[in-house]
Amino acid sequence: MTTTIELTAKDFKGVDPDWCPGCGHFGVLNSIQRAYADVGLQPHEVVTVSGIGCSSNAPGYINTYGMHTLHGRALPFATGVKMANHELTVIATGGDGDGYGIGAGHFTHAARRNVDITYVVMNNQIYGLTTGQMSPTSRPGLTTKSTPFGSIEYPYNPITAAIMNGATYVARGYSGDIRGTTKLIADGIRHKGFSLIDIHSPCVTFNMENTHDFFKQRIKKLDEVEHDASDWKQACDYAMEWGDTIYTGLFFEVQSPSLSQLDPILKEGGPIAKRDLQLTPEQVDRLKSRLM
Amino acid sequence: MTTTIELTAKDFKGVDPDWCPGCGHFGVLNSIQRAYADVGLQPHEVVTVSGIGCSSNAPGYINTYGMHTLHGRALPFATGVKMANHELTVIATGGDGDGYGIGAGHFTHAARRNVDITYVVMNNQIYGLTTGQMSPTSRPGLTTKSTPFGSIEYPYNPITAAIMNGATYVARGYSGDIRGTTKLIADGIRHKGFSLIDIHSPCVTFNMENTHDFFKQRIKKLDEVEHDASDWKQACDYAMEWGDTIYTGLFFEVQSPSLSQLDPILKEGGPIAKRDLQLTPEQVDRLKSRLM
Amino acid sequence: MSSYDMAIAIGGEAGQGIATPGDILARLFVRRGLYFNSYNAFQSIVRGGHIFLTLRTTEEMKYSHGDKIDLLLCLNQDTMDKHLHFMKAGSKVLYNSDKITPGKAADGVQLCGLPIADLTGNARAGLNQNTVAVGAILYLLGMEFQVLKDSLTQQFQRKGEAVVNENIKVAQAGFEHAIKQFEQFPDEIPMLEKPRGVWSGNDALAMGGAVAGVKFYAAYPMSPSTGVLHWFANNGRNIGAMVRQIEDEIGVANIVIGAAHTGARTLSATSGGGFALMTEAIGAASMMEIPTVYIDVMRAGPSTGVPTKTEQGDLWQALGASQGDFQRFIVAPIHAQDAFNLMPEIFNLTDRFQCPGIVLSDLLISEGHYSVDPDELDFFPAIERGVTITEPAAGNTGYHRYKFTENGVSPRAVAGLEGYIHVVATDEHEENSGLISDEFTNPHKRRAMVEKRSRKFENIVAEIAPPEIIGPADADVTLIGWGSTFAAMHDALPLLADRGITANFLSVKWIVPLHTERIAEVFANANHTIIVENNQSGQFARYLRGETGLVPDGHIRKYDGEPFMPHHIADGVEENLKNNTEQFIPFQEIVV
Amino acid sequence: MSSYDMAIAIGGEAGQGIATPGDILARLFVRRGLYFNSYNAFQSIVRGGHIFLTLRTTEEMKYSHGDKIDLLLCLNQDTMDKHLHFMKAGSKVLYNSDKITPGKAADGVQLCGLPIADLTGNARAGLNQNTVAVGAILYLLGMEFQVLKDSLTQQFQRKGEAVVNENIKVAQAGFEHAIKQFEQFPDEIPMLEKPRGVWSGNDALAMGGAVAGVKFYAAYPMSPSTGVLHWFANNGRNIGAMVRQIEDEIGVANIVIGAAHTGARTLSATSGGGFALMTEAIGAASMMEIPTVYIDVMRAGPSTGVPTKTEQGDLWQALGASQGDFQRFIVAPIHAQDAFNLMPEIFNLTDRFQCPGIVLSDLLISEGHYSVDPDELDFFPAIERGVTITEPAAGNTGYHRYKFTENGVSPRAVAGLEGYIHVVATDEHEENSGLISDEFTNPHKRRAMVEKRSRKFENIVAEIAPPEIIGPADADVTLIGWGSTFAAMHDALPLLADRGITANFLSVKWIVPLHTERIAEVFANANHTIIVENNQSGQFARYLRGETGLVPDGHIRKYDGEPFMPHHIADGVEENLKNNTEQFIPFQEIVV
Ligand SMILES: Cc1ncc(C[n+]2csc(CCOP(=O)(O)OP(=O)(O)O)c2C)c(N)n1
Ligand SMILES: Cc1ncc(C[n+]2csc(CCOP(=O)(O)OP(=O)(O)O)c2C)c(N)n1
Ligand code: SF4
Ligand code: SF4
Ligand SMILES: [Mg+2]
Ligand SMILES: [Mg+2]
């Protein structure tokens with residue numbers, strides 16, 4: 001049934017994005033599409049799931065199955081898809097507000113459970129779609145519509161948080177670096193378990209501080225330094241650096257069984273979604289005998 | 001107005017708890033009451049806020065202002081109290097399900113913002129009040145009513161999570177050690193900023209693994225080892241240990257301005273809650289002039 | 001004379017092991033083929049407090065725990081003090097005479113003291129008092145000891161022979177003491193041909209889901225819905241279903257939609273507070289047109305309220321769940337077996353009409369235990385998935401997920417199929433899923449899509465059976481209720497007949513769609529109408545008036561946390577007919 | 001003849017700077033003391049898409065953006081293509097003739113091409129086309145150039161003299177081109193004595209909160225409510241109020257209760273999806289008896305829906321917010337100034353009756369801009385806190401938070417006071433806050449506490465003013481609406497009069513409590529009743545029938561995302577009177 005022709009990024013193009021010209025999310029979208037092709041996926045084998053936000057519009061722009069759901073809820077939806085049909089490749093896409101603000105609880109627990117999802121966050125350190133308010137990753141002092149005198153909150157570090165929550169693949173990209181980001185996403189898809197790829201993706205309309213220029217001046221690749229991705233302490237050290245240098249690359253990776261590998265119900269019988277709805281007479285007999 | 005007599009733990013006693021005999025929470029309650037006395041607080045200057053759970057019944061058992069709120073929401077309520085009247089001492093109490101399960105998002109952000117709240121979690125690695133289901137801190141293999149064949153989830157580590165989220169005082173206690181726990185709570189109250197005291201507090205009815213005996217055999221105090229509480233890496237190392245030795249004590253402490261210290265609105269004018277509701281003519285004139 | 005009807009109440013505190021004698025007696029009754037039901041009044045506390053378990057067994061089908069107690073077993077002084085006054089002539093009161101002092105009983109009440117220490121040779125007397133009592137009860141009911149022996153053997157065999165023997169010994173002591181000291185009940189306990197089983201309402205909901213094909217169950221624990229989670233946790237492996245405990249109800253409500261999008265039938269259950277958190281997702285499921293079913297087991301509210309008490313207080317929450325106008329089914333089962341039957345029905349409807357379904361159960365139904373005859377249950381119900389596409393297609397099918405159709409239902413392809421790639425979206429969208437909220441917000445397209453969805457429900461009432469009136473035609477009074485009040489209304493009819501009032505009743509289960517024509521017909525044919533509901537504000541009465549304009553002649557309401565007993569309704573009818581009161585609130589006699 | 005009434009529409013795409021000419025014109029109008037209102041039709045996209053801003057200025061108070069466009073400014077070809085057909089004789093269409101090709105206009109429409117490159121000497125022509133156009137518009141309206149000069153100076157002075165001069169230069173070029181090429185509108189634009197200001201509905205809500213004493217505002221951004229957050233963020237320091245952006249709406253809904261418990265007046269605003277997440281907390285506030293106010297600015301649903309479009313779709317969500325029966329106020333302001341006035345009123349009520357309040361605004365009111373006369377606003381409204389205790393007391397006061405009282409209101413001590421230590425609880429509780437859900441669940445105490453709370457609302461309708469009918473008595477038709485439909489109903493009356501139909505209307509703002517008697521009176525006195533609402537299922541009609549049994553003769557509904565224009569209502573009335581249709585859904589002519 002499944003025809004396996006080699007596909008290219010183009011085959012994963014959906015409708016044209018209506019993001020602002022120059023928006024960082026274009027680069028991320030591009031990288032996701034390339035990564036799908038690089039991994040050798042077929043569009044119908046992939047489900048791209050998002051919440052709500054500029055970044056969360058991505059599923060419509062991608063030629064795979066897509067779920068464009070509720071603000072902050074991409075991960076529960078994605079987990080549902082993956083658990084019910086673990087043969088599918090499931091990617092969650094979203095923004096910093098969506099994932100680390102309203103979605104922080106789900107992020108914590110999806111990472112902890114090591115659900116086999118690749119989570120691509122387009123982190124612009126602002127709420128874009130709602131026209132520019134502080135986000136959990138906004139840096140102190142950032143002036144936004146909700147902080148006209150500058151933010152006074154300590155920012156959330158998604159990399160260190162993901163590592164501590166139990167994510168087994170944790171990376172940071174920059175949307176201007178399509179080649180690097182593509183590789184991080186592709187490896188994240190290949191990784192079995194929960195992978196986070198947090199991507200700095202400038203909002204050119206509302207965040208006047210964390211711009212393309214800002215990152216271009218500061219980004220340094222972990223490849224260029226000595227970093228052992230199995231060493232969480234070093235990973236956190238690099239991830240915490242936020243000054244003249246900001247690191248991108250794979251911070252942390254470890255192999256441990258993912259939730260679908262752990263749940264005995266998936267050991268045989270194939271995906272939940274494809275099982276017969278009607279019970280078998282044997283199953284019914286067991287249910288009946290429990291009643292008596 | 002305020003009369004300052006030296007009070008003892010007794011003065012902080014509310015109605016008698018209806019916990020199961022032997023429940024770990026008794027020790028925590030006791031420690032909280034002692035800590036209030038040790039810090040020299042007056043009952044009416046304190047607000048004890050909780051969610052819902054066996055542990056969350058604590059406010060009724062304590063003679064201070066109390067809010068017994070919604071499951072998982074102790075921290076937003078407590079933050080509201082603290083922000084509106086930062087002269088009050090605000091303690092949040094709760095369980096592992098309440099705080100790290102449904103409340104994980106709030107926990108993340110309250111820690112990040114360094115709200116000056118002391119958060120006392122009675123961690124029994126189970127959902128007690130709902131008669132025994134897996135919690136986020138349940139260890140793999142634990143059989144509970146929702147995991148009759150054993151939990152397959154990786155547990156949440158509140159200590160390392162709190163440190164990475166930005167909490168500025170992070171400790172672990174054991175409810176059987178009332179003296180030690182009292183000190184940790186008292187120091188947490190004295191600390192300016194968000195403090196977590198995660199306390200192993202066995203559920204004698206539903207968790208047959210993480211019992212008093214279990215902890216008595218394993219607990220070792222950080223005082224007994226060389227530990228620098230300003231070193232987050234060492235703190236995480238000790239916190240991750242979960243075998244023959246389980247550490248209690250102060251894992252991490254750092255001083256940085258709390259949210260009420262940072263918000264310029266509190267720099268003068270006293271607590272929000274005590275301000276005149278009616279605007280002044282000058283304030284109104286400024287509002288009017290903005291309209292024109 | 002009247003058929004066999006025996007109610008046994010056991011009172012004590014949490015931790016005194018009330019469940020065990022309750023379970024043993026229940027099994028003994030249903031093995032004789034008798035009907036059985038039980039109601040447990042307890043508190044939100046794990047040990048201590050006061051528990052009062054009422055077990056009723058009958059020869060004819062009864063749904064409520066009734067109005068009388070024939071036998072009261074006091075496991076502590078408190079029970080004696082609180083409930084003795086309720087006991088009428090001909091009833092019996094058992095108690096441990098070593099520890100409990102009986103109060104002053106009404107004439108004709110037999111006080112049956114059990115000298116537990118003596119009878120058990122003092123061996124672990126506290127723990128064994130329940131078994132002694134069960135032995136005594138067995139005699140009082142006129143059963144042979146052998147059946148109890150078998151039952152105890154089965155119950156304790158996991159704990160070894162010594163425990164079995166010990167239990168049999170003390171039970172026998174109780175039995176023999178009763179022979180010597182107490183009088184049996186005059187009515188002979190029937191022995192019918194076919195044994196029955198026992199289940200709870202939560203078991204029925206879960207099993208109904210299982211036979212409907214639920215293969216993914218997710219939940220966050222919340223009383224009184226947790227029994228559904230426990231059922232799936234215990235039975236999931238047998239039926240090949242995944243069971244996930246999630247971090248909160250928001251996660252639950254959304255994960256089941258994600259799973260359903262792959263084609264699985266998915267289910268979750270919660271109570272009012274958790275349901276409040278789920279509402280946003282319910283609107284999302286409807287907008288994306290993905291079927292899934294949410295159970296709200298109602299408890300006494302508002303807010304945390306009284307977690308261990310019953311109420312029908314979430315009707316308006318279900319009606320008002322999530323913003324905007326959208327399609328969803330709402331059904332309130334009227335008893336446990338109805339709950340089982342409704343699950344496949346609502347799953348078929350949600351699949352066919354591609355929207356979520358809400359099941360409003362309550363603590364009374366869900367935590368009650370009932371006899372059940374498995375042969376009356378359809379374990380292989382028809383599975384109707386409507387125009388759900390689950391097979392791949394080759395090439396470009398030109399598939400549009402939200403295609404305009406005459407009845408508003410668009411063929412739904414599940415995720416992962418070759419040939420049907422599409423996006424589902426909570427933003428308003430076009431036939432091809434393009435967002436109408438973006439770039440060009442076309443009001444005509446928006447209107448057309450709203451109307452497409454709403455067409456699905458235009459003739460929806462034809463899809464469900466109209467509610468049936470029960471009882472004599474042309475009765476003096478017609479009672480109208482919804483959901484769990486079925487039990488008390490059903491059992492109130494004979495009481496009313498005894499008082500010279502003929503009554504019939506209508507139990508509405510489908511809230512959306514509402515069978516307005518049938519209900520209007522019932523009102524039109526009634527001599528006097530009374531709405532019965534277990535809440536304060538008359539949630540159903542207000543909803544019904546809004547949909548039909550119908551206003552009853554009277555109301556009977558209860559909101560003290562306890563369910564109606566049949567005589568509460570009979571009293572209310574009498575009062576109302578005498579025109580004493582338009583709204584009757586019964587007094588709860590049993591206080592735990 | 002009729003008084004001055006001028007509607008200007010500006011169409012283009014997001015990012016073309018439509019707001020600036022809109023703001024300049026608005027300021028020019030209100031400085032002349034004219035009434036003004038504007039409606040912006042746009043999409044959920046930050047740049048691109050199609051924006052259509054309608055500005056209406058009138059000599060007499062009008063509430064809606066009206067039915068006609070007198071002057072259309074096309075910033076791109078798309079606007080020309082889409083909206084030219086809408087232009088009637090006597091109207092004018094401005095456009096950049098370098099880039100935009102006019103279509104075929106109706107007779108009597110003046111097409112006014114602006115050769116922007118010529119007029120500006122090509123200097124940054126794109127950016128300046130708006131300013132050229134404003135210059136031309138000024139002439140067409142018959143205003144002197146000087147006022148625009150002042151306005152531009154003020155607008156651009158932050159950017160330096162060069163920018164100011166540049167803008168004045170190109171504006172003047174537009175003005176002079178118009179003098180030479182175009183015909184002025186015949187009506188003279190009035191100059192009244194007293195200048196007005198401008199605000200949005202969200203400004204009005206926020207400022208109403210500020211004068212009511214809000215000192216703690218928390219929110220999570222959500223369109224179309226975010227304007228309230230932005231207002232507080234900008235003005236909080238002036239009024240001494242704390243403003244917090246929280247991680248999600250659940251946090252928001254709960255943090256405001258915590259803050260209110262210390263005695264502060266607290267406020268938050270969201271839209272439907274966020275409100276869904278807040279409902280659990282609203283029930284909690286009511287159970288704990290802590291006052292706070294939640295604003296839901298409704299947008300087109302269900303689910304994410306159409307974030308930039310209006311609808312009155314959350315009425316049932318508000319009515320069904322949270323489980324169980326509990327007390328809360330629900331009010332739907334009918335226009336911006338009403339929103340301002342209602343805020344102190346609902347804060348006083350929630351303080352006096354110790355429960356939450358819900359304000360249902362919608363995108364139409366909240367994001368619309370309106371002229372306002374600050375002297376008509378009460379910035380020092382009475383603050384009534386009822387029996388709120390904010391001063392400490394010495395010694396043991398024997399204080400019980402939930403004391404039984406005749407009217408159900410118990411004195412409420414705020415947290416932190418000496419002498420009043422107590423616990424507030426979401427579990428059912430006794431007078432002294434002891435939990436009824438624990439240890440002993442006493443049904444009588446439970447019932448008494450439910451009744452205490454419900455007594456608070458027994459005579460609550462007396463606390464609010466009844467809705468007033470507007471228009472002639474004994475009219476042919478009586479329109480009934482709620483909330484924002486006030487504007488279109490108000491402005492439809494003269495249209496109907498022109499068509500020979502006398503009409504009056506009732507705009508209901510208080511949903512809970514509902515003034516059932518007054519509404520019944522209005523129905524009784526009406527010759528023909530029609531309910532007008534901006535949703536599909538008739539949410540208010542269904543609620544009204546449930547509360548009163550009243551059923552109107554017809555319905556006018558709209559659910560395409562756009563608000564009613566007055567003629568939509570007039571058409572609906574006509575159709576309905578002709579008995580052509582019981583339910584009229586107007587066709588939306590302007591499509592953006
Ligand atoms: C429950 C809920 N709350 C709020 C919103 C409004 N909202 C839509 S997108 C968004 C934030 C988007 O920020 P982010 O996730 O960082 O994405 P970005 O637009 O920056 O790419 C918010 C608050 C919503 N849709 N639903
Ligand atoms: C929204 C909501 N969901 C679920 C519940 C049910 N519930 C009450 S307490 C509890 C868990 C308690 O566990 P924990 O917080 O660990 O406290 P413990 O009882 O173990 O001390 C749950 C799930 C609730 N009250 N509200
Ligand atoms: S607002 Fe920001 S995030 Fe959104 S599309 Fe524009 S640039 Fe991108
Ligand atoms: S159930 Fe567990 S946590 Fe709850 S009171 Fe009993 S021992 Fe303590
Ligand atoms: Mg963002
Ligand atoms: Mg716990």
Side-chain angles (χ1 to χ4, degrees), chain A residues 72 99-115 134-138 140-141 147 149-168 193-194 231-237 239-240 254 256-267, chain B residues 72 99-115 134-138 140-141 147 149-168 193-194 231-237 239-240 254 256-267:
Chain A
Y100 310 141
I102 191 169
H106 306 306
F107 178 53
T108 303
H109 292 288
R112 173 172 74 79
R113 297 190 185 110
N114 201 25
V115 191
M134 167 182 73
S135 102
T137 55
S138 293
T147 58
F149 310 103
S151 166
I152 57 164
E153 298 194 359
Y154 300 97
Y156 182 69
N157 187 325
I159 304 295
T160 58
I163 294 172
M164 283 304 159
N165 289 339
T168 49
F194 188 83
D231 177 349
W232 63 266
K233 288 180 194 165
Q234 211 184 357
C236 289
D237 270 337
M240 285 173 183
V254 72
S256 47
S258 75
L259 189 61
S260 26
Q261 292 169 320
L262 284 168
D263 196 328
I265 205 76
L266 297 181
K267 291 261 186 309
Chain B
Y100 310 141
I102 191 169
H106 306 307
F107 177 54
T108 303
H109 292 288
R112 173 172 74 80
R113 296 190 186 109
N114 201 24
V115 191
M134 167 182 73
S135 103
T137 55
S138 293
T147 59
F149 310 102
S151 166
I152 58 165
E153 299 194 358
Y154 299 96
Y156 183 70
N157 187 325
I159 303 295
T160 59
I163 294 173
M164 283 305 160
N165 289 339
T168 48
F194 188 83
D231 179 349
W232 63 266
K233 288 180 194 164
Q234 211 183 358
C236 290
D237 269 336
M240 286 173 183
V254 70
S256 49
S258 74
L259 189 61
S260 28
Q261 291 169 323
L262 285 167
D263 195 330
I265 205 77
L266 295 182
K267 291 263 187 309

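So you know, we letter chains A, B, ... as the sequences are listed, proteins then strands, and number each from 1.
Residues forming a salt bridge (Lys or Arg N to Asp or Glu O under 4.0 Å) with Asp237(A) (at least two apart in sequence, or on another chain): Lys233(B). With sequence neighbours excluded, the residues satisfying salt bridge (Lys or Arg N to Asp or Glu O under 4.0 Å) with Arg113(B) are Glu153(A), Glu247(D).
Annotation: the span from Arg112(A) atom CZ to Asn157(B) atom CG amounts to 11.5 Å, rounded to 0.5 Å. Taking CG from Asn165(A) and CG from Asn165(B), the interatomic distance works out to 7.0 Å, rounded to the nearest 0.5 Å. Note that CD1 of Ile152(A) and CD1 of Ile265(B) are 10.0 Å apart. Values are rounded to the nearest 0.5 Å. For the atom pair His109(A) NE2 and Ile102(B) CD1, the distance stands at 9.5 Å (nearest 0.5 Å).
Ala104(B) approaches Gly105(A) most closely through the heavy-atom pair CB-CA, 4.1 Å. Across Trp232(A) and Cys236(B), no two heavy atoms sit closer than the pair CH2-CB, 3.3 Å.
In terms of heavy-atom pairs under 4.5 Å with chain B, the best-connected choice from Pro136(A), Gly103(A), Pro264(A), Gly166(A) is Pro136(A).
When heavy atoms are compared at a cutoff of 4.5 Å, Thr108(A) approaches chain B solely by way of its side chain, counted from C-beta outward. For Pro140(A), no part lies near chain B; criterion is any non-hydrogen pair under 4.5 Å. With a threshold of 4.5 angstrom between heavy atoms, Phe149(A) does not approach chain B through any atom at all.
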